Amino acid sequence: MELKILENIEIAQNTFSLKIDNPNLFDALAGQFFMVRINGFNYPLLRRPFSIADFNENYIEIIYRVVGEGTKILTKKKAGEFIDILGPLGNGFSDIGTGKKIFLVGGGIGVAPLIYLKNVIESQYRLPYKAYFGFNFKEEIYVDFGEIATMDGSVGFNGNVVDLVEKELDENSIVFACGPTLMLKRLAYVCYDKNCKMQVSLESRMACGIGVCLGCVVETQDGYKKVCDNGPVFDYREIVWQAL
Amino acid sequence: MELKILENIEIAQNTFSLKIDNPNLFDALAGQFFMVRINGFNYPLLRRPFSIADFNENYIEIIYRVVGEGTKILTKKKAGEFIDILGPLGNGFSDIGTGKKIFLVGGGIGVAPLIYLKNVIESQYRLPYKAYFGFNFKEEIYVDFGEIATMDGSVGFNGNVVDLVEKELDENSIVFACGPTLMLKRLAYVCYDKNCKMQVSLESRMACGIGVCLGCVVETQDGYKKVCDNGPVFDYREIVWQAL
Amino acid sequence: MASSVNLTVKLGNIIFKNPVLTASGTFGYGIEYQKYLDLDKLGGFVTKGLSVVEKQGNKPPRIIETPCGMLNAIGLQNIGVDKFIFEKLPKLKDVNTHIIANIYGSEVSEFVELTEKLNEQDNISALEINVSCPNVAQGGALFGKDPDNVFVLTSAIKKVSKKPIIVKLTPNVDDIAFIAQAAQSAGADAVSLINTITGMVIDTKTKKPFLANKTGGLSGPAIYPVGVRMVYEVYEKIKIPIIGVGGIYNSNVALQYLMAGASLIQIGTANFVKPDISKEIIEGIRTYLDEEGFKSVSDIIGIAHN
Amino acid sequence: MASSVNLTVKLGNIIFKNPVLTASGTFGYGIEYQKYLDLDKLGGFVTKGLSVVEKQGNKPPRIIETPCGMLNAIGLQNIGVDKFIFEKLPKLKDVNTHIIANIYGSEVSEFVELTEKLNEQDNISALEINVSCPNVAQGGALFGKDPDNVFVLTSAIKKVSKKPIIVKLTPNVDDIAFIAQAAQSAGADAVSLINTITGMVIDTKTKKPFLANKTGGLSGPAIYPVGVRMVYEVYEKIKIPIIGVGGIYNSNVALQYLMAGASLIQIGTANFVKPDISKEIIEGIRTYLDEEGFKSVSDIIGIAHN
Ligand SMILES: Cc1cc2nc3c(=O)[nH]c(=O)nc-3n(C[C@H](O)[C@H](O)[C@H](O)COP(=O)(O)OP(=O)(O)OC[C@H]3O[C@@H](n4cnc5c(N)ncnc54)[C@H](O)[C@@H]3O)c2cc1C
Ligand SMILES: Cc1cc2nc3c(=O)[nH]c(=O)nc-3n(C[C@H](O)[C@H](O)[C@H](O)COP(=O)(O)OP(=O)(O)OC[C@H]3O[C@@H](n4cnc5c(N)ncnc54)[C@H](O)[C@@H]3O)c2cc1C
Ligand SMILES: Cc1cc2nc3c(=O)[nH]c(=O)nc-3n(C[C@H](O)[C@H](O)[C@H](O)COP(=O)(O)O)c2cc1C
Ligand SMILES: Cc1cc2nc3c(=O)[nH]c(=O)nc-3n(C[C@H](O)[C@H](O)[C@H](O)COP(=O)(O)O)c2cc1C
Ligand code: FES
Ligand code: FES
């Protein structure tokens, strides 16, 4: 689908917000993602997956970090130009209204989908929640709510966000998490320990995004599952963390 | 060399003028060309050759027609961005001040290098000249001097520019020509017949533009010669026209 | 499209409404694409490679992008032929296009078993035999690189098959036409080429091959000149129809394959980039034929050899 | 660059100041690049393929762009070895880098003649034997596809050569390691791989192959995963050094080749895109080694096999 870009601006160091005109032709769940075509030609060839950072009747927002050639080219797109997106794809976060204490835990660019989740929780479920976000340093931060941890201690808690949130979790908690694999793994071991619930949004290299190429699989208790259409959100107990 | 784009605007149907800041680090002859890198990445891979349509202390001008993927992408470049050009390359038009009657004969986008040649003749040699330019139809025309021929008769002479100029040529003429191969071939046969002089600027697919890949050769009386560094301007008597 | 161009192509008794198929492993079991594309518009599609029993495939990472291409080492993960027959095929019963089952075994006997099971499925128009897989029967080098292996396997399948047999060839060989000839001699009804070209990407961070399987198959636009060349070579050596595949991403490249000698073409990796690309390519072929004054797509098949 | 990383690589008795060479056919006779690049910065460069007598090469068109690549069918146009020796080499006498002469003959005897002529040139550090050329001696299939041919040719050259011999292999084979082993057994001092992959582009306007020669060799970024894979395969089978070439366009890809097992690398098509790319790649390799704490480039050669 070719949609008009409303805005594409740097909101933190190497981090951009891309707002796209919402044609209001579909709904989207927090945790779902789009496959974005970077160029109209063959390079870079494959679409890039990006989570939905916000979604309302006016716009669709993606927040992306510049890491490679595709995201670098993406920064050049200007308001008024069109962009080809496929989606929304995959399964979003679920069981939000289970009566458990809600925790949003994100790391780095993985905070993006949790922003949309927060908006959904506030507007749809009207439930209390707590948010804990980890970044490397101050200049990376692009979120204006939640408790912050930074690896260099420049803002908030000095250290890993998992260490920050750990003491808050118990068997009455449900965690919605997204971030670097290593952070999620640590968090998973904490959750096993505290016997709390958790849904994690995973990343994996994708070619199709729609479940046909079998390129994006992750090892689960039931064998390989596709991150793109069995996920990207999984119950953390499903995942074979040792394989990651 | 990365130079700043001053302007990149459509000046006729599918025809753009690209003006680039002139760093005044080199001279350029009419008939020489640049190898232009379309993108900072691998696609399209090869540089594209474009003649110099004008050159002065303020800017370097290229006039290009949108024919394929590379030129299409080029139209998206905006003033203020930088562009990587290699050159000036090849041999320009020569023997301009030979005392012969000067004719500039161009067809389509091949008129571009003759604009710069005209400026050189006027400012440097201060010699009289006559210009004859052929286009398919009115909307293609991007030049404001010379006699025009159009294939559909919408402007000037109705038909081929070779038919328009033919009667003017004799053994005292020197023709500087650039245009579609078929037009140049027709013109070459006329020049053989009239025993006049002619220098033609030829086109050929190029990879390097600097004489090393041997990809751009054209058949001459002395065997294959490289369009990029033995040309692009050749004495028409050198060329084996039957091979084109 | 009030065009009178005839796009139909015959392969044995099967009539394809147009020469555009989608390639094995890039189109799932067809169902996944129904959201993006009316499958009835296709000449047909080829299923993901099916084996006798379900296969888990290789460890991830399984894919990595390369310049104008990608490497994959899926390792033929699939649900197995029985699940395909009982769970997927019924969902496709109203689809009005040709379904070609791509099959893969680790022994000749497995290929035969797959053929027998699929014989009974009216919904399947033909079988495509993937001989480009590693470690079959004799182990060691790639099975499909040896013309003798291809001859023996094709003959065995032909003996039991009630459906036309298409042998899919690997490009990682000295002389692909020789392998195609072996398939033809053994009774193959068609050959398809090319499968992926073996490649490797090394992750300079970990200093290891990026894919868990180390090597993977290169596909996508990058490889199309190799595919076109091989179709051109094979066309001069065999009489049975050729299905061209490899890097097709627009109608121009599809036409190049047809002109090189392919009767049908398959679209693979490009489906990932644009799920409805096959529709565009069909229209592009039609427009070209129309503008060039051809009455039928068969007029251009192999025309580059004239 | 106050870096203490050791970039030197040894090949027999030759010491290269860094592992970056430029590839035959893409760097002319070196002289053409002096305007863009200080040749002394290079590990070395390889000349355009030289034959006993001047060759006109193929009819144009000779090149065509493809996705992230290009096809060429130059047909080994060159000025002939004598002109090279008398007109080009003297101009290079002050260049402080290794010059490798790439040679090409249509008979074994021609290769021998070329070797003898170049034996006397102190300026030439080594010979690279292009066995990837069509129609040599026995005619028919590509000469370099047959390990026996490669063995015979390499032995014959080795017998007369006073310089190290590098055999350049074609990728258009079943098993490139087998050919590399033949070269090694015959005494080759090194192998370089890969030459171009045979491909074809068809012009849908004329309905003919675009190149006058019909087929051409695919080079450029598109092919790098194939080259890396082949270097990786060959590294496991031979002991002599490997020179990696094919699609290198930045230091990351150069490093992939080194990690796969190449002792040196060559840059080809990328020179056309950026005449001074080799300088960037040398610096990129240095920076990488520095940042990763390696003392010497030799520490990473073949590291992906660990
Ligand atoms: C479900 C999902 C949601 C994501 N959401 C976001 C988001 O909201 N914001 C954001 O900045 N990033 C997100 N990512 C990661 C993002 O897709 C990559 O950063 C991006 O594809 C990198 O592209 P590149 O061309 O710049 O990098 P390159 O490294 O040049 O890309 C090369 C190839 O690797 C793939 N790739 C590289 N890094 C990743 C990665 N981390 N995950 C998956 N594929 C990768 C690319 O898609 C491409 O095919 C998400 C990934 C997934 C799977
Ligand atoms: C010496 C010289 C001077 C030129 N001057 C001009 C000029 O002033 N203005 C202008 O509009 N055009 C000029 N051309 C032609 C111009 O180079 C091509 O139109 C352009 O390269 C097309 O690029 P593309 O990507 O849009 O087309 P595509 O067809 O997509 O390009 C594919 C490949 O073919 C090559 N190619 C395509 N057409 C030509 C052609 N006619 N000549 C050479 N290579 C071609 C491209 O460079 C590229 O490598 C000149 C060509 C030469 C050789
Ligand atoms: C992810 C992926 C999975 C594939 N799986 C199969 C398969 O199961 N069986 C098969 O015969 N070919 C398989 N192929 C090969 C394709 O069918 C096709 O031959 C190849 O990708 C070249 O075409 P393309 O460049 O258009 O993708 C697969 C290709 C890809 C990219
Ligand atoms: C235009 C051109 C001419 C070439 N000429 C030769 C040659 O004369 N001898 C040779 O051994 N290889 C020749 N090659 C092959 C290159 O040396 C190199 O092996 C190949 O292009 C792959 O590397 P690349 O992808 O970096 O270009 C040529 C390649 C190109 C593109
Ligand atoms: S990305 Fe293709 S199956 Fe998930
Ligand atoms: S373009 Fe390379 S020699 Fe002319």
Side-chain angles (χ1 to χ4, degrees), chain C residues 64 66-71 141-142 145-146 170-176 197-210 214-218 220-233 247 249 251-260 288 292 300 303-306, chain D residues 64 66-71 141-142 145-146 170-176 197-210 214-218 220-233 247 249 251-260 288 292 300 303-306:
Chain C
I64 176 77
T66 68
C68 289
M70 63 177 278
L71 288 184
L142 229 74
K145 285 186 171 185
D146 180 345
T170 170
N172 301 294
V173 294
D174 283 7
D175 183 1
I176 195 166
I197 304 177
T198 309
M200 180 185 281
V201 166
I202 291 172
D203 184 340
T204 55
K205 281 199 208 97
T206 64
K207 302 161 193 78
K208 298 259 165 260
F210 185 89
K214 295 185 181 171
T215 61
L218 184 62
I223 69 167
Y224 100 73
V226 181
V228 169
R229 182 263 295 184
M230 288 189 165
V231 167
Y232 189 93
E233 275 176 16
Y249 65 96
S251 58
N252 180 278
V253 178
L255 287 160
Q256 292 190 45
Y257 270 96
L258 296 170
M259 291 179 179
Y288 175 89
E292 294 272 328
I300 63 164
I303 199 173
H305 296 262
N306 293 354
Chain D
I64 176 79
T66 68
C68 290
M70 62 176 281
L71 288 184
L142 228 76
K145 285 186 172 187
D146 181 344
T170 170
N172 301 294
V173 294
D174 284 7
D175 184 2
I176 193 165
I197 305 177
T198 311
M200 179 185 281
V201 165
I202 291 172
D203 183 342
T204 56
K205 282 199 205 95
T206 63
K207 303 162 193 75
K208 298 260 167 260
F210 185 88
K214 295 186 182 171
T215 61
L218 184 63
I223 69 167
Y224 99 72
V226 181
V228 170
R229 183 261 297 183
M230 288 186 165
V231 168
Y232 189 92
E233 276 176 14
Y249 65 97
S251 58
N252 179 277
V253 178
L255 287 161
Q256 292 190 43
Y257 270 95
L258 297 170
M259 291 180 179
Y288 174 88
E292 295 271 328
I300 63 163
I303 200 174
H305 295 262
N306 294 352

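These numbers come from the heavy atoms of this one structure, side chains and all, not from hydrogens, waters or symmetry mates. The structure presented is a predicted model; accordingly, all values stated were derived computationally and were not measured. All chains are named by letter (A, B, ...) in the order of the sequence lines, taking the proteins before the strands, and each is independently numbered beginning at 1.
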**Report entry** Part of D:Ile303 lying under 4.5 Å from any heavy atom of chain C
**Finding:** both
Query raised in the report: Is chain C contacted by the side chain of D:Thr204, its backbone, both, or neither, given a heavy-atom distance below 4.5 Å?
Result: both
**Report entry** Over all atoms of both residues, closest heavy-atom pair of C:Glu292 and D:Lys207
**Finding:** OE1-NZ, 2.6 Å
Query raised in the report: Taking atom NZ of D:Lys208 as the centre, does the number of heavy atoms from other residues, nucleotides or ligands within less than 6.0 Å exceed 12?
Result: yes
Query raised in the report: Rounded to the nearest 0.5 Å, how far does CD1 of C:Ile176 lie from CG of D:Asn172?
Result: 11.5 Å
Query raised in the report: Rounded to the nearest 0.5 Å, how far apart are CE of D:Met200 and CD of C:Glu233?
Result: 7.5 Å
Query raised in the report: Side chain, backbone, both or neither: which part of D:Tyr257 has a heavy atom under 4.5 Å from chain C?
Result: neither
Requested in this report: Supply the atom-to-atom distance D:Thr215 OG1 to C:Tyr232 OH, rounded to the nearest 0.5 angstrom.
Outcome: 9.0 Å
**Report entry** From C:Thr198, C:Val201, C:Leu218, residue fulfilling side chain to side chain contact (heavy atoms under 4.5 Å, CB included) relative to D:Arg229
**Finding:** C:Thr198
Query - Residue selection (most heavy-atom pairs with chain C, distance under 4.5 Å) from D:Cys68, D:Gly216, D:Pro221, D:Gly220 - result: D:Cys68
Query - Reported CD1-to-OG1 distance for the pair D:Ile223 and C:Thr66, which is rounded to 0.5 angstrom - result: 11.5 Å
Query - Nearest-0.5 Å distance that lies between atom CG in C:Asn252 and atom CD1 in D:Ile202 - result: 10.0 Å
Requested in this report: State, to 0.1 Å, how close C:Pro209 and D:Ala304 come at their nearest heavy-atom pair, and which atoms those are.
Outcome: CD-O, 3.7 Å
